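Report on one structure; see the data block that follows.
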Amino acid sequence: MDVNGLITKVTWKIEVLIDVGSTSKSMGLNGQVTKVTWRIENFSSIKAKTLCSENFTVDGSKWQLRIYPEGNNEDFLSIYLVVADSATLASGWTRYAHYGFAVIDQFDRENSKTLASKKEFNAIRPSRGFNLLPLTELHNPKRGYLLNDACLVEAYVFTGRTVDMISHEFIVKTDLDKRKTKEGDCVKAAIGNQKTTTTKPVEIINPSPTLAIELEQPAEADMNTFFTSLESELSNSRIVYSKEEAKEALAKINEALNMTPVDLNDSGKFCPLKQAFMILASFDGSSTTLTIKQMNELLGLEERLKELTNRAAKAVQDKNQLTAKESIKRTMTRSLESSLIRYKEVETEVKQVDQILAALHEEVVEAQKKREKMLAERNGIYKSCKEIKMKLDALGKEWAVYEATARVGEEEEKSVEAEWGRIKDFISSINGKI
């Protein structure tokens, strides 16, 4: 199956690192520290919001991992531990677990990003997890979180309550110190020798539990014994391949060489070449015209081809990362240019507003002066009117005297005019007699 049009390989592995019940019975401790390894290829191309793992069992309880490749509403790679069968459990159920997650730095394991906690799970909170790693750091090509675009995630689960087993030191030293006492591989697809499975998107809230086939986990000693005996048996019954089979093997190699190293690496066709090189290694070349040097070079091609395909894949990844960075750079440059243009526009608008404010300030100052002048004039008019009013009030008080005097003067004027008329009449009569 594919995810968003891509075949997504997943390596799924379960290991029992420490069986506390068997190693610490005298201390009254129980439980197992179980490690789950989840390797997801083509990680950067996955568009699904949520990836759900298959179910796995720890001390009889079923669990599931849930990954948010683009973050759970934040720019972080988010990882959660989920009670897989929560929908079918009885009311009031609870589970307790110490758990830790790691995104492995495949350049240097000790630089891996880890977080651990211990929580109770119930119907209200059937999942617990972290925003584990910023997406910018996840996609940083200088770190090994996405080596060849493969993300390696590890989860550690311990259901005992009495001791804290999981820490950063425990996680990063697990493979280095070989702490395993019992382990079982449940590999669903591994690079070069497994079937392809699918990491599929699911609903985030209360998804239906994924059905998983629980396989009996063989002890590591049993596995080593089996494969050692198998190797010995095959070595003792070594098959000598015919010239025709060698030609067919050579034809397969030639067909692969007609592909580009990148296509050969991406197509998954390199792994079948192992069988072809095995045939050539077991082929009796004495019946051919090949020299010993040519035969040795032919047998050494497997490692050289593998190296070249890996180098080609790394080169393409680096080129794609550069292309992505160039795209980001162009986007940021356009954004910066747009911001600069807007800045200049705003700067011009600010200057225009400053000019308007300056002109308004001058008008305000002039208006203020005019107002002060008018206020002074108003105050002068008020003072003058008040003085005139005071004079009118004083004149009003003397008005009766002036009226009486005026009436006397008027009577006197009439008396004088009458007397004046009589004198005129007298003179006129005299003039007629002389």
Side-chain angles (χ1 to χ4, degrees), residues 10-25 29-40 50-67 79-102 116-123 125-130 152-166 170-171 174-175 179-190 194-195 197-200 202 206-223:
V10 176
T11 300
W12 179 248
K13 185 176 184 180
I14 302 173
E15 304 167 88
V16 178
L17 300 182
I18 298 177
D19 189 342
V20 180
S22 63
T23 60
S24 304
K25 287 183 179 179
L29 305 180
N30 289 300
Q32 296 174 337
V33 178
T34 298
K35 173 186 174 183
V36 175
T37 303
W38 193 1
R39 178 185 176 91
I40 308 170
T50 311
L51 306 180
C52 282
S53 75
E54 297 191 15
N55 295 352
F56 59 95
T57 300
V58 181
D59 291 335
S61 298
K62 291 186 178 182
W63 302 89
Q64 184 186 71
L65 298 182
R66 195 175 297 171
I67 294 180
I79 306 177
Y80 287 78
L81 177 65
V82 184
V83 177
D85 54 353
S86 59
T88 61
L89 295 177
S91 177
W93 67 269
T94 60
R95 286 183 186 173
Y96 183 86
H98 293 225
Y99 56 92
F101 301 132
S117 183
K118 49 185 178 180
K119 297 289 185 181
E120 185 174 79
F121 295 73
N122 52 46
R125 292 293 301 273
S127 65
R128 300 279 189 173
F130 307 104
L152 182 59
V153 175
E154 294 179 356
Y156 297 76
V157 183
F158 172 61
T159 57
R161 290 178 176 266
T162 51
V163 291
D164 291 340
M165 299 293 297
I166 301 170
F170 180 88
I171 293 173
T174 293
D175 286 348
R179 289 191 174 120
K180 308 167 192 175
T181 60
K182 178 182 178 183
E183 72 176 16
D185 292 347
C186 186
V187 180
K188 304 305 179 185
Q194 294 85 6
K195 63 180 182 179
T197 62
T198 304
T199 304
K200 56 184 178 182
V202 299
N206 296 329
S208 298
T210 304
L211 295 178
I213 300 175
E214 299 297 332
L215 301 179
E216 181 181 355
Q217 303 299 318
E220 183 177 9
D222 294 338
M223 293 174 63

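Not measured: the values here are computed from a predicted model.
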If I compare all heavy atoms of Trp38 with all of Cys52, which pair ends up nearest, and what's the gap? CH2-C, 3.6 Å
Check: Leu65 and Leu81 side chains under 4.5 Å, non-hydrogen atoms: yes
Please report the closest heavy-atom contact between Asn122 and Arg125, naming both atoms and the distance. OD1-N, 2.7 Å
Whether Gln64 side chain and Ser53 backbone form a donor-acceptor pair below 3.5 Å: yes
Separation between CG (Asn55) and NZ (Lys62), nearest 0.5 Å, reads 6.5 Å
Side-chain touch Trp63/Thr34, heavy atoms, less than 4.5 angstrom: no
For the student: nearest non-hydrogen atoms of Arg128 and Glu120, plus distance: NH2-O, 3.0 Å
Below 4.5 Å, heavy atoms only, C-beta onward: do Phe121 and Tyr99 meet side chain to side chain? yes
Ignoring hydrogens, what is the shortest heavy-atom contact between Phe56 and Val157? Give both atom names and the distance. CE1-CG2, 4.1 Å
Give a yes or no on whether a salt bridge exists between Arg95 and Asp59, defined as a side-chain N under 4.0 angstrom from a carboxylate O. no
Nearest 0.5 angstrom please: Phe101 CZ to Tyr156 OH, how far? 12.0 Å
First locate atom CD1 of Ile166, then atom OG of Ser117, and finally report the distance between them rounded to the nearest 0.5 Å. 10.0 Å
Nearest heavy atoms of Tyr80 and Gly129, plus distance in Å: CD2-N, 3.4 Å
